[in-house]
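Before any comments, here is the structure.
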Amino acid sequence: MSLSIYGEQLNSRLLIGSALYPSPDIMKKAIIASGAQVVTLSLKRQNPQQQSGQKIWQYIQDIVKQNHGFLLPNTAGCKTAKEVVTLAQMSRELFQTSWLKLEVIGDDYNLQPDPVELLKAAEILINDGFKVLPYCTDDLVLCQRLYDLGCEVIMPWASPIGTGKGLMNPYNLATIRARLPKATLILDAGIGKPSDACLAMEMGYDGILLNSAVALADDPILMAKAFADALLSGEQAYRAGIMQQRQTAQPSTPTLDTPFWQQN
C-alpha cells in the first residue's frame with residue numbers, strides 16, 4: 001500500500017538521507033536500490049554560494065527526479081527557532097518546495113531535539129505555509145502538541161541519531177502509535193539494522209527515515225535493498241494481523257480426528 005505525505009502518494013515507505021556515503025556514485029546507486037522516493041538534504045552543512053555545494057545539490061535533485069520522488073530539505077544543525085525559520089525560507093526559494101524536515105537540536109552530546117524551540121518553530125513554519133515533518137523524541141505529549149499544531153507527519157526517534165541502537169523504548173513508540181491513530185508516523189534516527197525497521201513497521205508505523213545505517217554499511221547498495229525488503233515485510237505483517245502472545249504453551253497440532261472448523 002502507498003504512503004501519503006501531505007497529500008502526495010508514495011510507492012515506498014522508506015525515506016533516505018544523502019550524507020556520509022563513500023562517494024556520490026555509491027550514494028546514487030544506494031538510493032535507487034532502496035526504492036525511496038523521498039531524499040533528505042541538509043541545508044546548513046552545505047554552502048549554496050560554493051560551487052561544490054551547488055553541484056551536490058543538483059546531483060541529489062537529479063536522483064530524486066529519476067525516482068519520481070521528492071526532495072526533503074532539513075534544518076540539521078539549527079539550535080533556535082529563529083535560525084530554523086531563516087534556513088527554511090531559503091530552502092523554499094532554492095528548491096521550490098514547502099516540505100521541510102524540522103530539526104532543532106537542544107543538546108550537542110546526544111543531539112536530542114529541543115522541545116520548546118521545536119514547537120515554536122513548527123508553529124511559525126506552519127503559519128507560513130510550510131508542510132512540516134518534525135524530528136522529535138519519543139515523548140507522547142510532545143508528539144501530541146506537534147500534531148495539534150498542524151503537523152500531519154510526526155517523526156519520533158528510535159534512539160539518538162547516528163547511534164544505530166535501534167528501538168530503545170518500544171513501549172513509548174507503541175503508545176504514540178496508539179494515541180495518534182490518524183497521524184502519519186515515520187520513525188527517524190537511531191535505526192541500525194533492517195530488523196529494527198521491520199519491528200517498527202510491525203508496530204504500525206507508516207514509514208522509516210534513515211541515513212547512517214545504509215551509508216556506513218560495508219555495502220551500502222546491498223544494505224539499501226535489505227531495508228526496502230524489511231519495510232515491506234513489516235508492513236505486510238502489520239496488515240496481516242500478528243498473533244497475540246500467550247503466557248502458556250498451546251499445541252499447534254489439532255486434536256486427533258477433530259475437524260479444523262471445530263477447533264474454535
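Quick caveat, the model's predicted, so the values are computed rather than measured. No hydrogens, no waters, no symmetry mates; every other heavy atom, side chains included, goes into these values.
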Compile the donor-acceptor pairs under 3.5 Å between side chains in residues 19-28 and protein atoms, sequence neighbours left out, one pair per line.
from	atom 1	to	atom 2	distance (Å)
Y21	OH	G17	O	3.3
S23	OG	I26	N	3.2
D25	OD2	K29	NZ	3.2

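- Counting only residues at least two apart or in different chains, side-chain hydrogen bond (donor to acceptor under 3.5 Å, both in side chains) contacts with residues 202-217 comprise R177-D206.
- Between L87 and N74 the shortest heavy-atom distance is CD2-O, 4.4 Å.
- Looking at N11 and L3, their side chains never come closer than 4.5 Å, going by heavy atoms from C-beta outward.
- Judged purely by atom type and a 3.5 angstrom limit, T184 has no side-chain atom pairing as donor or acceptor with the backbone of V153.
- In the hydrophobic clustering (ILVMFWY side chains linked at under 4.5 Å, chained through shared members), I105 is joined by L111, Y135, W157, I161.
- Its side chain outside the 4.5 Å cluster rule for every partner, I242 clusters with none of the Ile, Leu, Val, Met, Phe, Trp and Tyr residues.
- Residue pairs meeting the salt bridge (charged side-chain N to carboxylate O under 4.0 Å, His left out) criterion with at least one partner in residues 123-150, sequence neighbours excluded, are R92-D128.
- Looking at C136 and P115, their side chains never come closer than 4.5 Å, going by heavy atoms from C-beta outward.
- Side-chain atoms of E103 never come within 3.5 Å of backbone atoms of P113 as a donor-acceptor pair (strictly under, hydrogens ignored).
- A search for side chain to side chain contact (heavy atoms under 4.5 Å, CB included) contacts involving S233 returns C198, not counting sequence neighbours.
- Within the 4.5 Å cutoff, the side chain of L100 has heavy atoms near those of the S91 side chain.
- Formation of a donor-acceptor pair under 3.5 Å by the T75 side chain with backbone atoms of L102 is not found in this model.
- Residues forming a salt bridge (Lys or Arg N to Asp or Glu O under 4.0 Å) with E117 (at least two apart in sequence, or on another chain): K120.
- Judged purely by atom type and a 3.5 angstrom limit, R13 has no side-chain atom pairing as donor or acceptor with the backbone of I208.
- Nearest heavy-atom pair, I5 versus L10, reported as atom, atom and distance to 0.1 Å: CD1-CD1, 3.7 Å.
- Heavy-atom minimum distance, P73 versus F95: CG-CD1, 3.9 Å.
- For residues 97-123, every residue pair satisfying the ring pair (Phe, Tyr, Trp, His ring centres under 6.0 Å) rule, not counting sequence neighbours, is listed here: F70-W99.
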Step-by-step salt bridge (charged side-chain N to carboxylate O under 4.0 Å, His left out) determination, D196 to K165: CA-CA 9 Å; D196 297 333; K165 290 182 176 295; over 6 Å; no

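- Listed for the N172 side chain is no donor-acceptor partner under 3.5 Å among the backbone atoms of N169.
- Clustering ILVMFWY residues whenever any of their side-chain heavy atoms sit less than 4.5 angstrom apart, transitively, puts L180 in the very cluster that holds L146.
- Listed by first and then second residue, the salt bridge (charged side-chain N to carboxylate O under 4.0 Å, His left out) pairs involving residues 207-218 amount to none (not counting sequence neighbours).
- Among V214, L210, L209, the one residue that satisfies the side-chain contact (heavy atoms from CB on, under 4.5 Å) test with I191 is L210.
- For the residue pair P160 and M168, the shortest heavy atom distance occurs at CD-CE, 3.5 Å.
- A donor-acceptor pair is defined here as one N or O able to donate and one able to accept, closer than 3.5 Å; such a pair exists between the side chain of T86 and the backbone of K82.
- The salt bridge (Lys or Arg N to Asp or Glu O under 4.0 Å) search around K79 returns D108, not counting sequence neighbours.
- Considering all non-hydrogen atoms of both residues, A30 and P220 come closest at CB-O, 3.9 Å.
- The salt bridge (Lys or Arg N to Asp or Glu O under 4.0 Å) search around D229 returns K225, not counting sequence neighbours.
- Cluster annotation: I126 and V84 are assigned to the same hydrophobic cluster (Ile/Leu/Val/Met/Phe/Trp/Tyr, side-chain heavy-atom contacts under 4.5 Å, transitive).
- In terms of the side chain to side chain contact (heavy atoms under 4.5 Å, CB included) criterion, residue partners of S4 (sequence neighbours excluded) are, by chain and number, Q9.
- Of all the heavy atoms in L149 and A122, the pair that sits closest is CD1-CB, 4.2 Å.
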